[in-house]
Student: 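Once you've had a glance at the structure underneath, I'll fire off some questions.
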Amino acid sequence: MSDQISDRRAKLEKLRALGVEPFGGRFPGVTPNAEIRTAAEKLNLQAGQTCEDEAGRFRAAGRVVLYRDIGSLIFLTVRDWTGELQFGLSKKMLVEGIEGPRGQGAEGPSGRGAEGNEESSRLGSSDLRTPEPALPVLDGQTQWKLAKLLDLGDIVGVDGRVGRTKTGELTLWAGQLTLLSKALRPPPSKWHGLTDIEARYRQRHVDLYSSPESQRVFLLRARIIDLVREVLRRRGFVEVETPVLQPIYGGAAARPFMTHHNTLDRDLYLRISPELYLKRCLVGGLERVFEFARCFRNEGISPRHNPEFTMLELYQAYGDYHDMMDITEEIIAGAAGDVIGTYAIATKRRSDEATKGAVGESQAAGGVGAAGESASPVERLIDYTPPWPRWKYADLFAEHVGFSLADIAAARQRARELFERKETSFDERKADDEVVVNALFEHYVEPRLVNPTFVLDYPAALCPLTKRHPHDPSLALRFEVFVNGMEIGNAYSELNDPDVQRATLSKHLRGEEGETMAVMDEDFVEALECGMPPAGGLGIGIDRLVMLLTGSPSIRDVILFPLQRAMCVSARDQLEVSEQVAADVAPQRPTHAKSAGDSTASPPGGPGG
RNA sequence: GAGGGUGUAGCUCAGCAGGUAGAGCAACGGCCUUUUAAGCCGUGGGUCCCGGGUUCGAGUCCCGGCACCCUCACCA
């Protein structure tokens, strides 16, 4: 075990000996740091001045990120999820009790303890809730000793008054200091946070508390999802939940994860798409439905692919894919404008990629072409201002590939050239015509679609779940939206003819490597036979959307806990050490944990039910 | 699955012609009532990712493995 951890454990015992509970308890009435800052601005405090009246009293809490001990005076920089604030701890103030100790009831002045008051009025009369035992009020001497034992990473609370130091820094001068949680492991440096990308993914909790930029991404993700819900509710959609465990997978072309239900003794798949169930909802008369569907695809991992990801899917009865274009624009441009605050958002690259990656890239690209621009990272500014251009698939193909997609001979020849030059592993000899054409489309066209672009009217053979174009049955009423060369949305005028559906699901296209959308689901086709209203359907990759809007270079930067390989041996050793410590500590816990002794109920930490 | 890169103290990183493993921050002891990544004095801290090999001697060279990042392929 590292010395720093044992040092901190030693402090833990010192604190207990002083009568300080190191892991705190309920601490109601906390004002977020950002709010304290805003409120304090209005007080117009001079440097060196502390606010003497009620308007300057606050209760604040957060994690200690900087600790400056000047002897009889300690300054803490404390961070919560709204920002940072300096706490001032003065020996004189704490020991002599200049602020006067206040009991647990101290909710702060009226208007600020609102949260606490509301809770107590709601819960106060209820016998169901026994109030948590108040933390013992510490005398001034003990509080000062506590202040001296604080470490970076500890979570503390303070009741105090705002003021400004000689240098003008806004400071909450503590009348009372409360330890809310001791940190037994040291945090990463405040200035660098975790820069090791692997550590950021494996120990996301550390990444989050040490990097406000990382926290910001996930707070924005939540707001983007909120905004999507608002847009859809306003349009009359209802949110539903459909099965993740499915007897037959469908709705997309992908390899599934398999699992098994023991009691039913039946193999099941984790869904690759919610589509077929949401359409059953349409059959059932739920006319506008959506789902934030966690989907699972057993395929490669890349900066744009995670084995589990979140897809928004929605279906609107009596609509078509043009309605879906409007919704797509409203959702994505709306999220850019309302959540991010601008229609112009830059993409980013890994910061270390600029130097390290460039070496490998230029070597790899050495034979391919003189495009030495890869040496410098590309940051693109993407413009989400609606409306977005709408191009036909065939037109884009002709423009960028150089001949008509009807010229199959030319397409096959071009595909063979790419294959022979090893620019792609796609072998046209094993593929049907439409698959060859689409491979060229993906190679030549998609990377060039940087600003948001709708691509309309795909070859019907590629779209087994889509209604045919009324004037040209070789086309499907489908669009995909691309941003920064990446597909982020896909929509159809939904196929609702059960006979056509049965036929397309029965037909397997060659060239899809065994992955095909055409998995026959007789139960689904029977549902269509009951009559599904004509409808527009849309899917948007939420993770990718969040990537784009937050300028994150990898999908793993927008997924809290991305899947990682098993940890290496040394990391497991560390875990074993932790378990050893837990075993050592466990027997003495009851002296501090009151509930453990007097309760026959649930095990510690259990839900109690 | 193929190719390239990375792995050194709690964190961020140096070190390389093979010759006792370094800095800043963090930690530990001491001083300081207005600091701003506080400062000053002193101290401790390493399976140089793991396993082999070459060598008198390997963090450094060679081989194998693991993890992560990037590119390509499959896919959203």
Side-chain angles (χ1 to χ4, degrees), chain A residues 2-8 10 47-48 50 65-77 84 86 88-93 151-153 163-169 171 173 185-202 206 210 252-255 272-273 295 297-307 309-311 349-350 352-353 355-366 368 374 422-426 442 480 482 486-490 512-515 539-545 553-556 564-571 573:
Chain A
S2 91
D3 284 345
Q4 296 207 36
I5 292 179
S6 50
D7 285 343
R8 283 168 183 249
T50 298
V65 296
L66 289 173
Y67 181 93
R68 294 182 289 278
D69 183 348
I70 321 289
S72 300
L73 195 61
I74 298 170
F75 291 101
L76 310 176
T77 301
E84 294 177 0
Q86 176 165 283
L89 308 174
S90 152
K91 181 179 187 183
K92 192 170 181 182
M93 223 183 275
D151 285 310
L152 296 181
R164 288 195 185 278
T165 61
K166 279 181 186 168
T167 51
E169 178 75 18
T171 301
W173 289 103
R185 290 175 185 270
S189 87
K190 193 216 164 179
W191 293 99
H192 301 97
L194 281 182
T195 60
D196 176 12
I197 292 167
E198 179 180 358
R200 287 181 37 202
Y201 297 152
R202 283 196 196 274
V206 176
S210 61
R255 277 198 299 270
I272 59 173
S273 154
C295 297
R297 298 188 183 176
N298 204 343
E299 307 200 344
I301 297 176
S302 86
R304 284 162 292 282
H305 303 264
N306 196 62
F309 64 102
T310 302
M311 188 158 59
R349 284 205 169 188
R350 286 249 181 269
D352 61 329
E353 196 181 324
T355 50
K356 294 178 183 170
V359 178
E361 264 180 41
S362 52
Q363 281 174 350
V368 177
S374 59
K422 299 208 158 61
E423 283 184 49
T424 167
S425 68
F426 177 78
E442 288 173 1
E480 292 195 357
F482 292 87
M486 183 167 71
E487 181 196 338
I488 60 167
N490 181 19
E512 291 187 325
E513 302 273 333
E515 300 164 10
I540 291 179
I542 293 297
D543 313 275
R544 289 181 169 187
L545 177 61
S554 167
I555 197 168
R556 301 178 142 212
Q564 300 289 102
R565 275 173 219 261
M567 274 190 287
C568 59
V569 177
S570 60
D573 287 349

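So you know, we letter chains A, B, ... as the sequences are listed, proteins then strands, and number each from 1.
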Student: Is A/Arg164 close enough to B/rU34 that one of its side-chain N or O atoms is under 4.0 Å from OP1 or OP2 there?
Tutor: no

Student: List the protein contact pattern of nucleotides 35-45 of chain B with one symbol per nucleotide (5' to 3'): B for base contact, S for sugar-phosphate-only contact, - for none; contact means a heavy-atom distance under 4.0 Å.
Tutor: BBBB-------

Student: Which residues pass the side chain to side chain donor-acceptor pair (under 3.5 Å) test with A/Lys190, sequence neighbours left out?
Tutor: A/Glu84

Student: With sequence neighbours excluded, what pairs up with A/Pro187 under the side chain to side chain contact (heavy atoms under 4.5 Å, CB included) test?
Tutor: A/Arg8, A/Leu152, A/Tyr209

Student: With sequence neighbours left out, write down each residue that passes side chain to side chain donor-acceptor pair (under 3.5 Å) with A/Asn306, or none if nothing qualifies.
Tutor: none

Student: Where each residue is assigned the nucleotide of RNA chain B containing its nearest heavy atom, which of A/Phe309 and A/Ser90 is assigned the position nearer the 5′ end?
Tutor: A/Ser90

Student: Paired with B/rU43 by Watson-Crick or G-U wobble geometry, both distances under 3.5 Å: which nucleotide is it?
Tutor: B/rA27

Student: For a quick test of reading the model: is some side-chain N or O of A/Arg565 closer than 4.0 Å to OP1 or OP2 of B/rC66?
Tutor: no

Student: Reckon A/Gly193 touches a base, only the sugar-phosphate, or nothing at all at heavy-atom distances under 4.0 Å?
Tutor: sugar-phosphate

Student: Looking at the side chain of A/Gln564, which of B/rC13, B/rC68, B/rC28 is the nearest nucleotide?
Tutor: B/rC68

Student: Under the ring-ring contact (aromatic ring centres under 6.0 Å, His included) rule, collect the residues that match up with A/Phe309, sequence neighbours excluded.
Tutor: none

Student: Only counting residues at least two apart or in another chain, list the ones meeting side chain to side chain donor-acceptor pair (under 3.5 Å) with A/Asn298.
Tutor: none

